[in-house]
There are 2 protein chains.
Amino acid sequence: MDVRTLCLGILTFGDATGYEIKKAFQDRLGMFYDASYGSIYPALNKLTTDGLVSCRTKSQSKRPDKKIYSITLDGQLTFLKEMEGTPAPEKFKSETLATLMFAHLLPASHIAKVIDDLIESYQSNIEILSGECDMKQALTDRFLCGYGIAVKSAAIKYMQENRHLIEAEALLADHAAE
Amino acid sequence: MDVRTLCLGILTFGDATGYEIKKAFQDRLGMFYDASYGSIYPALNKLTTDGLVSCRTKSQSKRPDKKIYSITLDGQLTFLKEMEGTPAPEKFKSETLATLMFAHLLPASHIAKVIDDLIESYQSNIEILSGECDMKQALTDRFLCGYGIAVKSAAIKYMQENRHLIEAEALLADHAAE
DNA sequence: AGTTACATATATCAATTCGATATATATCGG
DNA sequence: CCGATATATATCGAATTGATATATGTAACT
């Protein structure tokens, strides 16, 4: 599954411009899949060439022409076939947790700040997701929002209950450095 | 923070070959940061050029020469300075959850399988992490293993309790298709 | 004895993707 | 009136992945 396939998926919900597709990635998929213009625009070009989407241009005065993409029948079939494959393993990248790996080399104050920031960002995620969760009527959206909330909540709880472990390591190093 | 910096970090634990550094990424950082040979070997070359690591070659009969890298004093200072910056936001990519976004278009049997597989992979993660957690003496390692276990456990619990929501959507679609 | 799979060890390459940047304008709050 | 945000396109260098190539040892299985 690549950006191309997910662009097709987003277009099953209705026609959209590249700009709107980018927004859909952020708003609907952002939690577990993101894509940049640098991958979306080339993807749409390729999809158009392959006949999986069609594109009509709406000229606008004083703005770049709007290119509205629609999924074709061929595109729908390709999308469904693609989605029937086995999804790749999940990938998670956290510079914060990588930083904590080296807590014994860093100032305790920095470790504390990094953890504070992470907890705050999780809390902000949860607030946004809670708001969305209430608005959405579709079960799918609710399920996915709920997933995000459940996981982030568990992360916060663990961090708060166990941060002293890693902060102790950093403190030890601080004393050794003196 | 990039692969270069994390190679330096891994070398603070002791000298290593590129192959061993790759293993360290998998074994120690794998949960929250991974890197491939295609990024590790170029990173080590650059670090050597910049004088942040030194490299001695150990010739081995019937094997490629082993290149053992050591972090230099300059490398240690550079690493510490790098780690004091603010870590980038976390990134998570899940093709499985992206698939679920389109549950209303897919066969219920496929949705069920995809969820089963995800739960199984989480369970396997937890088992591996539990084993490691017991072995490790360092608080840092325990903290990070514990984090992984806490988060994956919450994910499993949520999935098991709420999967019926999304499976219902897929079933609806199945009936509509008939 | 043979074979299959995995571990050691290096390295490169096409393809993908990110993050930043460029270009223009509208709109809205302070 | 100004600065921030939104609309809308597109490209480019740099980083990264995942696959592949090359060799061999070693352990387990048949």
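Here is how names work: the chains are called A, B, and so on, in the same order as the sequence lines, proteins then strands, and each is numbered from 1. All of these numbers come straight from a predicted model, not from anything done at the bench.
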Sorted by chain and residue number, the side chain to side chain donor-acceptor pair (under 3.5 Å) partners of B:Thr72 (sequence neighbours excluded) come out as none
Residues in side chain to side chain donor-acceptor pair (under 3.5 Å) with A:Ser109, at least two apart? none
Interatomic distance where [atom1] belongs to [X] and [atom2] belongs to [N] [whole Å]:
X	N	atom1	atom2	result
A:Asn45	D:dA10	CG	P	7 Å
B:Met1	C:dG19	CE	C1'	17 Å
B:Leu47	D:dA15	CG	P	12 Å
B:Arg56	C:dA9	CZ	P	13 Å
A:Leu29	C:dT17	CG	P	14 Å
A:Ile21	D:dT7	CD1	C1'	15 Å
B:Leu44	C:dA11	CG	P	9 Å
A:Ile40	D:dT11	CD1	P	14 Å

B:Asp2 has a side chain; which of C:dT16, C:dA9, D:dT16 sits nearest to it? D:dT16
Between C:dT16, C:dA11, C:dA9, which nucleotide gets closest to the side-chain atoms of B:Glu20? C:dA9
Should the pair B:Tyr33 and B:Phe25 be assigned to parallel (<30°), tilted (30 to 60°) or perpendicular (>60°) ring geometry? tilted
Can you tell me if the side-chain N/O atoms of [X] get under 4.0 Å from OP1 or OP2 in [N]?
X	N	value
B:Lys22	C:dA9	no
A:Tyr41	D:dT9	yes
B:Thr17	C:dT10	yes

Which heavy-atom pair separates A:Glu90 from B:Ser94 by the least distance, and what is that distance? OE2-OG, 2.8 Å
Could you give me the CA-CA distance, side-chain angles and deciding distance for B:Phe143 and A:Tyr158, then say whether ring-ring contact (aromatic ring centres under 6.0 Å, His included) is met? CA-CA 9 Å; B:Phe143 174 84; A:Tyr158 180 83; 5.5 Å; yes
Can you tabulate the close N/O pairs, meaning under 3.5 Å, that link protein atoms to atoms of nucleotides 17-19 of chain D?
residue : atom : partner : partner atom : Å
D:dT17  : OP1  : B:Asp34 : O            : 3.1
D:dT17  : OP2  : B:Ser36 : N            : 3.2
D:dT17  : OP2  : B:Ser36 : OG           : 3.3
D:dT17  : OP2  : B:Ser39 : OG           : 3.2
D:dG18  : OP1  : A:Lys91 : NZ           : 3.0

When we call it a touch if two heavy atoms are under 4.0 Å apart, what does B:Lys23 touch: a base, just sugar-phosphate, or nothing? sugar-phosphate
Answer with yes or no whether the side chains of B:Thr48 and B:Asn45 bring together a donor and an acceptor at under 3.5 Å. no
Which pairs of donor and acceptor atoms, one on a side chain in residues 144-154 of chain A, lie under 3.5 Å apart (sequence neighbours left out)?
residue  : atom : partner  : partner atom : Å
A:Tyr147 : OH   : B:Tyr122 : OH           : 2.6
A:Lys152 : NZ   : A:Asn125 : OD1          : 3.2
A:Ser153 : OG   : A:Ile149 : O            : 2.6

What residue pairs, at least two apart or across chains, pass salt bridge (Lys or Arg N to Asp or Glu O under 4.0 Å) with a residue in residues 155-166 of chain B? B:Asp116-B:Arg163, B:Lys157-B:Glu161, B:Arg163-B:Glu167
Is the charged tip of B:Lys93 near the ring of A:Phe92: under 6.0 Å from the six-membered ring centre and within 45° of its axis? no
Without swapping roles, check the side chain of A:Thr78 against the backbone of A:Asp74 for a donor-acceptor pair under 3.5 Å. yes
What is the bend of the helix from C:dA1-D:dT30 to C:dG30-D:dC1 when you compare the axis at one end with the axis at the other, using five pairs each and rounding to 10°? 50°
Hey, which of these two, A:Pro42 or B:Ile68, hits DNA chain C nearer its 5' end, going by closest nucleotide? B:Ile68
